[in-house]
Amino acid sequence: MKSLKRILTLFIIFSLTISFIGCSINSKEIDENYVKTTTTSKLEKVFKAINDENYINFISELDYSMKKNLTSKNFKSMVKNIKDTIGEYQSAEYESCEELDKDYLTVKYKAVFSDEPDETNIVLTVNNNNKDLDICGIYIDSPKMSKSYSKKK
């Protein structure tokens with residue numbers, strides 16, 4: 001009977017150990033330097049594509065869902081709105097990275113545009129399911145963009 005209790009106790013300890021190891025293997029550690037390097041490269045490519053009005057280069061950095069849903073016509077409209085409101089992209093500086101949930105990260109930048117004298121914020125939402133960190137959302141916030149948006153309402 002004592003040996004059965006010992007075996008059962010060892011089995012429970014073994015099971016708990018395996019489950020803790022499994023949990024730690026599945027959790028994603030954010031390597032902020034990798035995220036910064038990868039997303040900064042993607043941001044530069046995306047905004048160069050916007051400046052150049054190059055749809056193919058723009059969608060190359062997007063995740064499957066955005067590629068599927070963003071048409072060339074929508075891209076042209078977006079580019080026109082950005083250029084007419086804040087001008088061309090000039091540069092950006094990485095600020096921070098936050099985990100939205102286990103699948104997505106938000107990466108924040110301060111950016112400079114040719115026709116926006118005030119601070120512009122860019123927030124990229126990236127898919128954290130693989131090392132590619134494909135972009136699945138781009139948000140641009142500046143005083144001129146906010147005014148433009150509120151006029152359209």
Do other residues, nucleotides or ligands put more than 12 heavy atoms under 6.0 Å from the NZ atom of K67? yes
Between I50 and I56, is there shared hydrophobic-cluster membership here, with clusters defined by ILVMFWY side-chain heavy atoms closer than 4.5 Å? yes
Tell me whether E95 is salt-bridged to K110, with the criterion being a basic N under 4.0 Å from an acidic carboxylate O. yes
Any donor and acceptor pair, going by atom type alone, linking the side chain of K144 with main-chain N or O of D115 inside 3.5 Å? yes
With clusters defined by side-chain heavy atoms of hydrophobic residues (ILVMFWY) lying less than 4.5 Å apart, directly or transitively, does Y89 cluster with F75? yes
Distance-only side-chain donor-acceptor flag, T39 / Y94, under 3.5 Å: no
Inter-residue atom distance E88.CD - K48.NZ, 0.5 Å rounding: 10.0 Å
What pairs with D63 under side chain to side chain donor-acceptor pair (under 3.5 Å), at least two apart in sequence or on another chain? none
Look only at the side chain of T125 and the backbone of C136, and say whether a donor-acceptor pair between them is shorter than 3.5 Å. no
Considering non-hydrogen atoms only, spot the tightest contact between S114 and G87 and give its length. OG-CA, 3.4 Å
Looking at CD of E98 and CG of L100, how far apart are the two atoms once the value is rounded to the nearest 0.5 Å? 8.0 Å
Following the transitive rule for hydrophobic clusters with a side-chain heavy-atom cut-off under 4.5 Å over Ile, Leu, Val, Met, Phe, Trp and Tyr, establish whether I59 and Y139 coincide in one cluster. no
Interatomic distance, CG@L43 vs CD1@I135, rounded to 0.5 Å, equals 7.0 Å
Check step by step if side-chain contact (heavy atoms from CB on, under 4.5 Å) holds for V123 and V107. CA-CA 6 Å; V123 179; V107 188; over 6 Å; no
Are any side-chain N or O atoms of N69 and backbone N or O atoms of S65, one a donor and one an acceptor, separated by less than 3.5 Å? yes
Flag for S142-D118: side-chain donor and acceptor within less than 3.5 Å: no
Going hydrophobic residue to hydrophobic residue with side-chain gaps under 4.5 angstrom, can you get from V79 over to M66? yes
Where is the tightest heavy-atom contact between E32 and S96, given as atom of each residue plus distance? OE2-CA, 4.3 Å
Flag, side chain of S60 to backbone of N57, donor-acceptor distance under 3.5 Å: yes
Using side-chain contact (heavy atoms from CB on, under 4.5 Å), reason through I138 and L124 one step at a time and then give a plain yes or no. CA-CA 5 Å; I138 301 172; L124 299 180; 3.8 Å; yes
dist L133:CG -> N127:CG (nearest 0.5 Å) comes out at 8.0 Å
Just do the side-chain contact (heavy atoms from CB on, under 4.5 Å) check on F58 and V46 with the steps written out, would you? CA-CA 5 Å; F58 180 80; V46 161; 3.1 Å; yes
So C97 and K36, do their side chains get closer than 4.5 Å, heavy atoms only? no
Y55 side chain vs L70 backbone, donor-acceptor pair below 3.5 Å: yes
Checking the side chain of D132 only, and the main-chain atoms of D134 only, is there a donor and an acceptor separated by less than 3.5 Å? no
Verdict with supporting geometry, M145 and F113, side-chain contact (heavy atoms from CB on, under 4.5 Å): CA-CA 11 Å; M145 290 294 279; F113 285 81; over 6 Å; no
Do you know which of N121, T40, I140, T120 makes side chain to side chain contact (heavy atoms under 4.5 Å, CB included) with Y109? T40
Distance-only, no hydrogens or angles: does the T37 side chain make a donor-acceptor pair with backbone N or O of N33 under 3.5 Å? yes
Over all atoms of both residues, closest heavy-atom pair of K102 and E99: CA-OE2, 3.9 Å
